[in-house]
Amino acid sequence: MTTLTPRTPGTPDTTIPASGPAPVADVAAVVEETARLVTEHYVFPEVADRLAALLRRRLGEGAYDVDRAEELGARVTADLQSDNGDLHLRLKYHPERVPQGQGEAALAAMRRQFDTSLGGVPHVELLTGGAALVELAPALFPLAWSAEPLSAALTLVARADALILDLRGNGGGDPETVAFVCSYLLDERTHLNTQYARVGERYDQSWSLPYVPGARFGGTKPVYVLTSGHTFSGAEELAYNLQQLGRAVIVGEVTRGGAHPREGWTVHPHLEATVPVGRSINPVSGTNWEGTGVRPDIPCAAADALDRALRDPARS
């Protein structure tokens, strides 16, 4: 889940591949800027203050006396996640040089994935018995990019007897895209999620769409969602929304457990400070999957999830 406020993607990726390990000329400046961003933006202000103090103390102790961006990112991330285990709170290393600007590092990385994954829909198949399989991976890309491939795939499988969404290799993405996919699986406009933003004390509701391009699969035929321990963030929201609405059966492994929408800031040519700026509130459960993951209705190893979904007695 990349952001609370969907944005139009920037220009095509023009980053320059790194020629070798990335040096950090001013570690103190990177750490101080990360601490400042956490203090100003992290969804839980009291935790933010503790973490900023921790980073500054560890900097003074020499814990970050390293030469390379990758190692600095790993050490700072470990400290950022030491308080409440928030997996979205990171100093993320990018092997390629990333652009400046809020959110630009994540968009550049996602653009490369989008261009090599058929727009995030790498596999569509009609299975024996009339079920259709749609794999959504490696991410739920910004809707301005992904609406066309998603609508094509979901329209294609609209006539299937059952639908299996494979999120086992999906690491997250855009909340707007989550709502778009849900809209094909529901008959009426439905409240899916609410996101609370710390800045401005704002609550933004997410609803399914009254209209979708192409044909809907609809709200009555069986839907299964396959998950793994890799399934994360926006992909978890998709699974959780459908599960809480009673619209899908979740099959596979407990997901990673990241429910806080995040923003990213480039603090070094190879480092992005990613800071959760809000939290999700499901209208059915009143909570979210942060720290717990989405718990499957049919637990099994991820490798067995497709077979288990096809063998579910409820399909007959």
Side-chain angles (χ1 to χ4, degrees), residues 1-4 34-35 37-39 41-55 73-92 106 138-140 167-175 178 192-199 201 203-204 206 225-245 248-264 272-302 305:
M1 189 175 299
T2 58
T3 180
L4 272 170
T34 301
L37 290 167
V38 170
T39 300
H41 297 281
Y42 189 50
V43 60
F44 303 117
E46 292 182 359
V47 177
D49 290 341
R50 291 199 299 268
L51 289 174
L54 173 63
L55 294 189
R75 294 190 185 191
V76 172
T77 295
D79 286 338
L80 288 172
Q81 295 180 1
S82 65
D83 189 293
N84 63 359
D86 191 331
L87 297 178
H88 278 113
L89 187 57
R90 296 177 290 177
L91 183 58
K92 183 177 180 180
L140 297 165
L167 302 182
R168 289 175 292 183
N170 197 302
D174 196 317
V178 172
L192 302 171
N193 190 32
T194 296
Q195 291 181 351
Y196 162 78
R198 171 188 167 182
V199 176
E201 294 286 318
Y203 290 86
D204 296 324
S206 174
V225 176
L226 310 185
T227 60
S228 75
H230 174 80
T231 308
F232 187 55
S233 193
E236 293 179 283
E237 186 199 335
L238 177 54
Y240 193 80
N241 290 351
L242 294 173
Q243 184 185 53
Q244 292 301 312
L245 290 170
V249 176
I250 312 302
V251 186
E253 298 172 348
V254 177
T255 61
R256 287 184 67 195
H260 296 151
R262 48 80 90 190
E263 282 285 3
E272 176 194 15
T274 78
V275 182
V277 295
R279 58 185 173 85
S280 297
I281 307 168
N282 182 271
V284 177
S285 69
T287 183
N288 58 53
W289 59 97
E290 177 68 27
T292 64
V294 180
R295 300 196 171 275
D297 303 297
I298 303 177
C300 65

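Below, all heavy atoms of this structure are taken into account, side chains as well, without hydrogens, waters or symmetry copies.
Although no hydrogens or angles enter the test, the distance criterion places no donor-acceptor pair under 3.5 Å between the side chain of Gln243 and the main chain of Ile250. A donor-acceptor pair under 3.5 Å links the side-chain atoms of Ser82 to the main chain of Asp79, judged by distance alone. The main-chain N or O of His260 is found under 3.5 Å from a side-chain atom of His88 such that the two form a donor-acceptor pair. A donor-acceptor contact shorter than 3.5 Å links the side chain of Trp289 to the backbone of Gly258. Put simply, the side chain of Ser280 never gets that close to the backbone of Asn288: no donor and acceptor are under 3.5 Å apart.
Taken to the nearest 0.5 Å, the CG atom of Leu54 stands 8.0 Å off from the CG atom of Leu80. Rounded to the nearest 0.5 Å, atoms OG1 (Thr255) and CG (Asn170) are 11.5 Å apart. In this structure, Asn193 CG and Asp204 CG are separated by 10.5 Å, a value rounded to the nearest 0.5 Å. With rounding to the nearest 0.5 angstrom, the CD atom of Gln244 is 12.0 Å from the CD atom of Glu237. How far CD of Gln81 is from CG of Leu87: 5.0 Å, rounded to the nearest 0.5 Å. Taking OG1 of Thr287 as the reference point, atom CG of Asn282 lies at 8.5 Å (rounded to 0.5 Å).
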Output, in order, the C-alpha distance, side-chain angles, deciding distance and verdict of side chain to side chain contact (heavy atoms under 4.5 Å, CB included) for Val277 and Val199.
-> CA-CA 8 Å; Val277 295; Val199 176; over 6 Å; no

Residues Asp174, Leu140; criterion side chain to side chain contact (heavy atoms under 4.5 Å, CB included); working and verdict | CA-CA 6 Å; Asp174 196 317; Leu140 297 165; 5.6 Å; no

Walk me through it: do Asn241 and Val178 pass the test side chain to side chain contact (heavy atoms under 4.5 Å, CB included)?
-> CA-CA 9 Å; Asn241 290 351; Val178 172; 3.6 Å; yes

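Taking each heavy atom of Leu167 and Ala235 in turn, the nearest pair found is CD1-O, 3.5 Å. Contact detail for Ala305 and Gly252: the closest heavy-atom pair is CB-CA, 4.0 Å. Here the closest non-hydrogen pair linking Gly278 and Pro261 is O-CD, 3.4 Å. Nearest heavy atom pair, residue Gly293 against residue Val254, reads CA-CG1, 4.2 Å.
Scored by the side-chain contact (heavy atoms from CB on, under 4.5 Å) test, Val249 finds Tyr224, Val251, Asp297, Ile298 as partners (sequence neighbours excluded). Scanning for side-chain contact (heavy atoms from CB on, under 4.5 Å) contacts around Ser228 gives Arg168, His230, Thr231, Glu253, Ala302, with sequence neighbours left out. Every residue meeting the side-chain contact (heavy atoms from CB on, under 4.5 Å) condition with Leu245, not counting sequence neighbours, appears here in chain and number order: Leu186, Thr190, Leu192, Arg247, Val284. In terms of the side-chain contact (heavy atoms from CB on, under 4.5 Å) criterion, residue partners of Thr194 (sequence neighbours excluded) are, by chain and number, His191, Tyr203, Gln205, Ile281. Listed by chain and residue number, Arg262 satisfy the salt bridge (Lys or Arg N to Asp or Glu O under 4.0 Å) test with Glu272 (two or more places apart in sequence, or in another chain).
Within the structure, side-chain hydrogen bond (donor to acceptor under 3.5 Å, both in side chains) pairs that include any residue of residues 41-52 comprise Tyr42-Asn84, Tyr42-Asp86, Arg50-Asp83 (at least two apart or interchain).
Considering only heavy atoms from C-beta on, Arg198 stays 4.5 Å or farther from Phe44 through its side chain. Between Leu51 and Leu89, the closest side-chain pair of non-hydrogen atoms falls below 4.5 Å.
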